[in-house]
Amino acid sequence: MSRAVIYAVIAFVGVVLQVTLVDRLALPGGAVPDLALVIVVTIGLARDPAEGMLAGFLTGLDLDLAPPASHLIGASALVFCLVGYGCGWLGRRLEHSVPRLVAAALIATAAGESMQAAAALISGNPNVTTASVGRALPTAVLYDAMLCALALILVLGGRHLPHAVLVRLGRMARRAPKVRLGRAARRRPTRPAQPSALGSASVRPAGRPAAVPRRLHVRSANVRRRARRATSAMTDRHAAQVRQARSATPKLHLRSTAHTPAHRGRAWPKGRPQ
Amino acid sequence: MRDTRRTRIGLAILLALSLGLLAVDSLGGAAPLRSLGGAVFGSAERAANAVTSPIVSFFGQRATAAASAGRVRALERELIKLRAQLSSDQRRQAEYAELARLLRLSGRQGYRVVAATVIAVGQGYDDAVTLDVGGSQGIRPQETVLNGAGLVGTVTSVSPWSSTVLLASDATAVTAVRVVGSGQLGWVTGQGAGRYGPGLLRLRVLSGGILLAPGQQLVTSASPGDRPFVPGIPVGVITQVLSGPGAITQTALVRPFADFGALDVVGVVVGPAAGSGATQHRSRPGA
């Protein structure tokens, strides 16, 4: 519910800015960006389908109601609702890396502008002809995608930029190998703990395990799931290396006390031994 | 939230709501919603305009020196008043005497003009603008809007603090015009597509044997009750004649005097000056 209020406020401000400011600017190319579309695409890509369609509906409704609009009420709401849902769908299937998000923004804004033009053409608006759409669309999509990429980087990356800088500085100085701050740090997928049985340096797996790809972390189920998968993959790889090391050095096997995957299922079938 | 069944039900509900709004509006039942939107967004746009208009005039169409902007605005207001005055004066000249007599328009002194500022323009392909005057300033629908250069359009909807103007360049706008000199009657339509359009108007004249020629000027023709257009407002000049002789209607392209892409100060003709004989004329329904 609070999301709906936030999106309603964002939509209201965006639409008022669109008609009072952006539409009155004379930008090169003749076209102007569509702030409403940028808002909907950004929310959709950064969040999920439900929030994308909610933001799309609210923004479209505002566009229908803001005074100079003379088209039918509901037309923009319909189009933007679909655009928001589609962007949410797209965003959940993409890794949140900047180039992919920019490409997604380009596709989504092109689709959004085309859908608006198509809706106007279908409804028989005599102002819209294929010739005028052909003139206007490419430039408008270019402006939209640029704004959208900027907004996405700010929304997704902005929170993490200070943290990323700190981490880098810390690593460079070798003072703080792991700087962890705030919620962002807690959400980072953690590396699996070294099996405590293998305290000695001789059995530490050769070569560092593949690090989790450093991407812009967002609080989405998708990313969390992927991180979990990567973590379990590393654990498995560790286990394999541990087994190998153990077969090579049986002494270590005797010293081991904890539950390594190799151990599990063999010892203490009924609870812990007393 | 995930893309679950709940989300899809929500999508279906929102889409159904949009389609319902579309249906209600196309059946003509969304007037209260539109007036509510006009009141809310009109006020917000008026407030936002205080911030955005300096930005628009700085980055915008015409680089007006900031120092002289106030004087320019005052002069533009003056010019609009004079233009309205001139149109009524011209109408009284010999060329219009006959028409004026026919429509019982003679004896009027001029028009009352309310000066207004454009605070918002249509999004996308809409060719309409919002003015910062509304019902509380005496604006009513179907009133003529002009600026210092010529005809701008006509008021289509009014909310308490703002009003919407359909520009003459919109493809749905039809303006009855008269060719200066030959006196032919015709109508002008826009070619639409807002800022992306060609910016020219299309004139059609029921040909009376007199051929159109580039360079001829057009003024608005008289409308019953001065709505939607008061007579004699300059509209544009013919730049190219499209159809040759022999066609039933002659078609020509017209360059409008008003620059629809850079509207700022405009005037709304709210009625004749007090004491004219127009009231009884206006009360005639459908005349």
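Order of the sequence lines fixes the chain letters, A, B, ..., with proteins taken first and strands second; residue numbering starts at 1 for each chain.
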B:Ser18 portion near chain A, given a 4.5 angstrom heavy-atom threshold:
both

Please determine, among B:Gly37, B:Gly20, B:Ala120, the option with the most heavy-atom pairs under 4.5 Å with chain A.
B:Ala120

Highest number of heavy-atom pairs under 4.5 Å with chain B: which of A:Ala36, A:Pro67, A:Gly74?
A:Pro67

With only heavy atoms counted, which part of A:Val13 is less than 4.5 Å from chain B, the side chain, the backbone, both or neither?
neither

From the options B:Leu151, B:Val152, B:Val145, select the one residue that forms a side chain to side chain contact (heavy atoms under 4.5 Å, CB included) with B:Leu167.
B:Val152

Max heavy-atom pair count under 4.5 Å with chain A, selected residue of B:Leu21, B:Thr130, B:Leu166, B:Asp25
B:Asp25

Is it true that atom CH2 of B:Trp161 has more than 12 heavy atoms of other residues, nucleotides or ligands lying nearer than 6.0 Å?
no

Of the listed residues (B:Val51, B:Leu36, B:Val118, B:Val40), which shares the most heavy-atom pairs with chain A below a 4.5 Å separation?
B:Val118

Picking from A:Val19, A:Leu21, A:Leu72, A:Ile73, which has the most non-hydrogen pairs under 4.5 angstrom with chain B?
A:Ile73

Under 4.5 Å, counting heavy-atom pairs only, tell me which of A:Ala77, A:Cys81, A:Ala66 racks up the most with chain B.
A:Ala66

For the candidates B:Val165, B:Asn49, B:Leu15, B:Thr172, which exhibits the highest count of non-hydrogen atom pairs separated by less than 4.5 Å from chain A?
B:Leu15

Counting C-beta onward and ignoring hydrogens, is there a side-chain heavy-atom pair between B:Thr154 and B:Glu143 closer than 4.5 Å?
no

Is B:Leu14 in contact with chain A via its backbone, its side chain, both, or neither, using a 4.5 Å heavy-atom distance?
both

Has the side chain of B:Ser136 got a donor or acceptor atom that lies under 3.5 Å from a matching backbone atom of B:Pro160?
yes

So for B:Leu33, is it side chain, backbone, both, or neither that comes closer than 4.5 Å to the heavy atoms of chain A?
both

If you count heavy-atom pairs under 4.5 Å with chain A, which of B:Val129, B:Thr189, B:Asp170 comes out on top?
B:Asp170

Measuring only between side-chain heavy atoms, which start at C-beta, is B:Val188 closer than 4.5 Å to B:Val174?
no

Hey, is the main chain of B:Ile119 close enough, under 3.5 Å, to the side chain of B:Asp132 for a donor-acceptor pair?
no

Taking the side chain from A:Arg47 and the backbone from A:Ile43, do they hold a donor-acceptor pair closer than 3.5 Å?
no

Any donor-acceptor N/O pair, B:Thr249 side chain to B:Arg204 backbone, under 3.5 Å
no

Which bit of A:Asp62 is near chain B, if near means a heavy-atom gap under 4.5 Å: side chain, backbone, both or neither?
both

Would you say the side-chain atoms of B:Thr156 pair up with the backbone N or O of B:Thr164, donor to acceptor, closer than 3.5 Å?
yes

